[in-house]
Amino acid sequence: MERYESAKKIYAELGVDTEAAITALKKACISVHCWQGDDVSGFDSKEALSGGIQTTGNYPGKARNPEELMADLDLAFSLMPGKKKLNLHASYAIFEDGDFADRNVLEPKHFARWVEFAKERNMGIDFNPTFFAHPMVKNNLTLSSPNEDVRKFWVEHGKACIKIAEYFANETGEPSVINFWIPDGYKDIPADRLGPRARFKKSLDEILSIPYDKTKVYVTLESKVFGIGLESYTVGSAEFCLSYADYKHITPLMDNGHYHPTEVVSDKISSLLLFNEKIALHVTRAVRWDSDHVVIFDDETKEIAKEIVRNDALDRVFIATDYFDASINRISAWVTGVRNVQKALLFALLEPSAKMKDMQENDNFTELMVLSEELKTAPFGDVWKEFLRRENVNENYIDMIKEYEKKVLVNRI
Ligand code: RNT
Ligand code: ZN
């Protein structure tokens with residue numbers, strides 16, 4: 001408390017209101033991806049993970065069923081401050097008494113237990129159709145496949161998922177963001193780049209032809225640069241996805257692991273905000289490739305947060321986490337990454353951004369540099385701790401997680 005009071009004064013001298021920052025952070029919602037808990041395995045298929053994404057590591061305690069995943073999520077949520085949403089993949093459908101349904105015929109009832117879970121915790125639910133780890137993915141293709149049976153199967157999956165997202169919105173009372181990402185691409189230089197993209201466009205058109213309430217369901221489209229085994233060509237490239245989102249008035253989604261290594265999402269946010277009412281992000285950490293390492297409190301995460309906050313866009317950007325590390329305790333991975341997104345937002349909220357913009361506009365670049373550097377060593381940690389205190393969340397989370405690991409996780413073999 002004493003330290004917070006002192007930090008509050010220091011920030012006030014810099015022109016920053018820490019109370020306003022804490023209030024804004026409290027309202028910022030993070031959509032927490034369920035797939036960190038079980039290495040993106042899901043419950044509906046025995047297939048190995050595919051689609052050019054990979055989880056590496058063998059840390060004990062991976063969740064093996066809905067009960068375990070829900071218990072792990074509960075512990076993780078209890079250690080995360082702020083407002084959260086649950087982000088599910090279609091592969092996490094829960095089939096009661098052997099009532100199996102394939103991806104093309106999924107129904108809301110297969111997610112009834114997740115709705116119950118979210119309602120009890122006062123959370124909304126976001127959703128993702130799962131276009132990977134399934135026998136109907138043929139030659140790494142789904143919605144862009146030249147095989148009509150394959151393409152149709154996945155179109156049906158997309159339609160089924162929109163209905164499920166609408167069900168989530170109706171049940172929880174919070175809009176549902178449904179994100180489309182397909183892995184489709186080629187390992188080697190293709191002979192035809194247009195054909196697959198034309199088929200992807202046609203498939204998306206078919207999926208989006210079903211009626212849905214646009215005030216309740218936000219459809220987003222995620223682009224990618226390449227995947228493992230799909231290095232030469234990606235159907236859903238950045239240009240394709242941005243153009244498609246514009247053409248259909250849906251929401252573009254940027255995953256910061258999906259660009260060339262020197263390209264940064266932080267520089268792209270402002271452009272997209274100018275032309276879209278809403279935009280969506282997958283916050284991850286790419287180490288040399290789309291490796292999906294846990295988000296840390298690094299420069300690019302801070303820069304992304306600054307772009308959201310400086311442009312007053314906290315209510316226009318859907319922020320979701322997307323990483324999967326199996327080499328460390330999965331619950332700790334969840335909590336660390338989500339807390340770091342929130343820390344980055346707080347760091348951005350503790351900037352005197354109007355003053356800084358003014359310096360830029362008046363060519364005071366020397367002063368701007370000095371102030372930016374000074375902010376880096378301002379007592380940020382004391383404000384973060386105060387936020388945790390007000391949210392009734394302990395700063396220390398590793399002890400509780402280690403205890404759970406000893407009691408619960410090690411028994412999962
Ligand atoms: C893959 C995309 C996609 C997935 C999830 C599991 O590169 O980032 O968002 O990570 O759908
Ligand atoms: Zn992603």
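One-based numbering along the sequence shown. Order of listing sets the numbers, starting from 1, for every ligand and every atom in it. It should be emphasised that the depicted structure is a prediction, and the values quoted were computed from it without experimental measurement.
Scanning all heavy atoms of the two residues, the minimum distance from L143 to D184 falls at N-OD2, 3.4 Å.
Residue N396 places its CG atom among more than 12 non-hydrogen atoms of other residues, nucleotides or ligands, all under 6.0 Å distant.
Not a single N/O/S atom of H258, whether from backbone or side chain, sits less than 2.8 Å from the Zn ion (ligand 2).
Residue-ligand proximity, H282 to ligand 1, at heavy-atom distances under 4.0 Å covers atoms 9 (O). Atoms of ligand 1 lying under 4.0 Å from at least one heavy atom of F324, given by number and element, are 10 (O). Heavy-atom proximity to D290, at under 4.0 Å, picks out these atoms of ligand 1: 7 (O).
Of all protein heavy atoms, the one closest to atom 7 (O) of ligand 1 is K224 NZ, 2.7 Å. From the protein, the heavy atom lying nearest to atom 4 (C) of ligand 1 is D322 OD2, 3.6 Å. Looking at atom 5 (C) of ligand 1, its nearest protein heavy atom turns out to be H89 NE2, 3.5 Å. The protein heavy-atom contact nearest to atom 9 (O) of ligand 1 is E222 OE1, 2.7 Å.
With the Zn ion (ligand 2) as the vertex, atom ND1 of H282 and atom OD2 of D255 span an angle of 110° (nearest 10 degrees).
At a 4.0 Å cut-off, at least one heavy atom of I53 sits close enough to ligand 1 to count as contact.
Geometrically, ligand 1 and D255 share a nitrogen or oxygen pair separated by less than 3.5 Å. Not one N or O of W181 is nearer than 3.5 Å to an N or O of ligand 1, by distance alone.
Aromatic ring centroids of H89 and W181 lie 6.0 Å or more apart. Aromatic rings from H293 and Y323 are positioned such that their centres are separated by 6.0 Å or more. Aromatic pair Y244/F200: centroids not less than 6.0 angstrom apart. Residues F380 and F297 place their aromatic rings such that the two centres sit under 6.0 Å apart.
Nearest N, O or S atom of E222 to the Zn ion (ligand 2): atom OE2. Of all N, O or S atoms in D322, the one lying closest to the Zn ion (ligand 2) is OD2.
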TODO: Would you sort out whether Y218 and F318 count as a ring pair (Phe, Tyr, Trp, His ring centres under 6.0 Å), showing the intermediate values?
DONE: CA-CA 10 Å; Y218 286 91; F318 298 121; 5.1 Å; yes
Open item on the list: For a side-chain hydrogen bond (donor to acceptor under 3.5 Å, both in side chains) check, start with the C-alpha distance between D39 and S41, then their side-chain angles and the critical distance, and finish with the verdict.
Closed with: CA-CA 5 Å; D39 313 340; S41 303; 5.5 Å; no
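Contact annotation: for H258 versus ligand 1, heavy atoms closer than 4.0 Å belong to the side chain alone. If you look at T130 next to ligand 1, there are no close heavy atoms at all, none under 4.0 Å.
The distance from atom CG of D126 to atom OG1 of T220, rounded to the nearest 0.5 Å, is 8.5 Å.
Judged purely by atom type and a 3.5 angstrom limit, D192 uses its side chain to pair as donor or acceptor with the backbone of L194.
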